[in-house]
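Please read all numbers here as calculations on a predicted model, not as lab measurements.
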Amino acid sequence: MQGYSFELITGPMSCGKTEELLRRIRRCIIAKKKVKVISPEIDTREKGDYIKSRNGLWLDAIKVKHAIQIMSVVKPEDEIIAIDELQFFDSNIVKVISTLMAEGKRVIGTGLELDFKAEPFGSMPELMCIATKVDKLHAVCMKCGCDHGTRTQRLIDGKPADKSSPLIMIGGDETYEARCIKCYELPDIKHEKAKKGLKLLNFETIIK
């Protein structure tokens with residue numbers, strides 16, 4: 001698949017998205033294609049200017065803060081544009097990728113389609129719509145061991161994070177793990193407290 005295309009690799013944490021991205025990039029390099037690798041500045045898991053998969057593979061990358069900056073780092077001679085962690089970019093990322101495709105570039109990107117609350121993450125829904133190819137990877141559920149892990153479980157002190165937790169919290173295996181739908185948990189302490197208060201009120205009303 002050459003220019004005018006957008007390949008999107010998606011799935012939960014720990015499913016091998018970056019590993020698959022790196023595999024495709026290396027094949028492009030072997031084919032002597034001019035490749036530009038881009039990563040969002042907000043992803044601080046790696047201290048240097050590179051992207052790295054969980055199995056240790058890595059490649060130099062240009063880090064940018066805003067989606068529109070991608071247009072300034074991509075040169076006319078670049079044939080392949082690889083973008084990691086698309087969910088972290090602002091809404092302009094949709095227009096940027098559409099423009100790159102119109103310019104005849106082959107764009108390959110990765111991103112979490114769901115956040116830790118199992119809700120659509122950032123511009124991922126729109127990106128999945130404009131993609132010419134979508135590969136949705138599954139992970140091993142870290143609780144039951146099945147190979148249908150499709151959810152990203154956020155952990156705080158080893159326990160499932162509450163629904164009120166901030167949307168973006170950068171972290172590795174100590175903060176996130178893949179889980180299947182059955183094992184995925186999203187506590188809602190505020191809602192549970194409200195329910196308990198309502199039950200108590202009803203009980204007191206009945207007694208009176």
Side chain to side chain contact (heavy atoms under 4.5 Å, CB included) between Asp115 and Thr152, worked out: CA-CA 7 Å; Asp115 60 25; Thr152 296; over 6 Å; no
Between Asp84 and Thr110, a side-chain donor and acceptor under 3.5 Å: yes
Heavy-atom closest pair, residues Val37 and Ile25: CG2-CD1, 4.0 Å
Test log, rule side chain to side chain contact (heavy atoms under 4.5 Å, CB included), inputs Thr132 and Tyr4: CA-CA 9 Å; Thr132 53; Tyr4 301 97; over 6 Å; no
Hphob cluster co-occupancy, Tyr176 + Val140, side-chain heavy atoms under 4.5 angstrom: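 Each belongs to a different hydrophobic cluster.
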Pairwise distance CG(Leu127) to CD(Gln87) - rounded to 0.5 angstrom: 10.0 Å
Gap separating the CZ atom of Phe88 from the OG atom of Ser39, nearest 0.5 angstrom: 9.5 Å
All side-chain hydrogen bond (donor to acceptor under 3.5 Å, both in side chains) counterparts of Lys136, not counting sequence neighbours: Glu113
By salt bridge (charged side-chain N to carboxylate O under 4.0 Å, His left out) - contacts of Arg24 (at least two apart): Glu7, Glu20, Asp135
Rounded distance [0.5 Å steps], OG in Ser5 versus CE in Met101: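 Reported value, rounded in 0.5 Å steps: 7.0 Å.
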Min side-chain heavy-atom separation Cys28-Arg106 under 4.5 Å: yes
Path from Leu86 to Ile130 over hydrophobic side-chain contacts below 4.5 Å: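 Same cluster.
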Polar side-chain atom of Asp90 near backbone of Ala67 as donor-acceptor pair, under 3.5 Å: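 It does hold such a pair.
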Spacing of CZ belonging to Phe89 relative to CD belonging to Glu41, to within rounding of 0.5 Å: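 Separation between the atoms: 9.5 Å.
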Lys34 vs Ile80 side-chain heavy atoms within contact, under 4.5 Å: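 In short, these two side chains do not touch, never coming nearer than 4.5 Å.
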Euclidean distance, Gln153 CD relative to Cys180 SG, rounded to 0.5 Å: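 CD of Gln153 is found 10.5 Å from SG of Cys180.
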Contact check, side chains of Leu114 and Pro12, non-hydrogen atoms, under 4.5 Å: no
With Ser164 via side chain to side chain contact (heavy atoms under 4.5 Å, CB included) - residues at least two apart: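 In terms of side chain to side chain contact (heavy atoms under 4.5 Å, CB included), with neighbours along the sequence ignored, Ser164 is linked to Asp162.
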CE/Met128: more than 12 non-hydrogen atoms of other groups inside 6.0 Å: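 Atom CE in Met128 is crowded, with more than 12 foreign heavy atoms closer than 6.0 Å.
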Residues that Ser165 engages under side-chain hydrogen bond (donor to acceptor under 3.5 Å, both in side chains), provided they are two or more places apart: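 side-chain hydrogen bond (donor to acceptor under 3.5 Å, both in side chains) list for Ser165, sorted by chain: Arg154.
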Any residue meeting side chain to side chain contact (heavy atoms under 4.5 Å, CB included) with Lys143, in chain and number order, not counting sequence neighbours: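 Here the qualifying residues are Cys141, Arg179, Cys183, Glu185.
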Test item: Thr10 side-chain N/O and Gly111 main-chain N/O as donor-acceptor pair under 3.5 Å: yes
Min side-chain heavy-atom separation Leu112-Met13 under 4.5 Å: yes
Close side-chain approach of Ile81 to Ile108, heavy-atom, < 4.5 Å: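 Not in contact.
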Stepwise side chain to side chain contact (heavy atoms under 4.5 Å, CB included) test for Arg151 and Ile181: CA-CA 7 Å; Arg151 299 291 185 267; Ile181 293 176; 3.7 Å; yes
Backbone N/O of Phe116 and side chain of Tyr184: donor-acceptor pair under 3.5 Å: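 Checking the backbone N and O of Phe116 against the side chain of Tyr184, a donor-acceptor pair under 3.5 Å is found.
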Any side-chain heavy-atom pair of Ile70 and Ile62 under 4.5 Å: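 Ile70 does not reach Ile62 side chain to side chain.
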Side chain to side chain contact (heavy atoms under 4.5 Å, CB included) against Glu103, all qualifying residues, sequence neighbours excluded: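 Expected list: Met71, Thr99, Leu100, Lys105.
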Residue among Arg26, Arg27, Glu19 satisfying side chain to side chain contact (heavy atoms under 4.5 Å, CB included) with Arg23: Arg27
By side chain to side chain contact (heavy atoms under 4.5 Å, CB included) - contacts of Ala131 (at least two apart): Phe6, Leu8, Val134
Close side-chain approach of His138 to Cys15, heavy-atom, < 4.5 Å: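 Side-chain contact under 4.5 Å: no.
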Exercise: identify the closest heavy-atom pair between Gln69 and Ser72: O-OG, 2.6 Å
Distance, nearest 0.5 Å, that separates CD1 of Ile93 from CE of Met124: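 CE of Met124 is found 10.5 Å from CD1 of Ile93.
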Ile42 reachable from Leu167 in the ILVMFWY side-chain graph, under 4.5 Å edges: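 Yes, Leu167 and Ile42 fall within the same hydrophobic cluster.
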Salt bridge (charged side-chain N to carboxylate O under 4.0 Å, His left out) involving Lys36 - partner list, sequence neighbours excluded: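 By the salt bridge (charged side-chain N to carboxylate O under 4.0 Å, His left out) rule, Lys36 matches Asp78.
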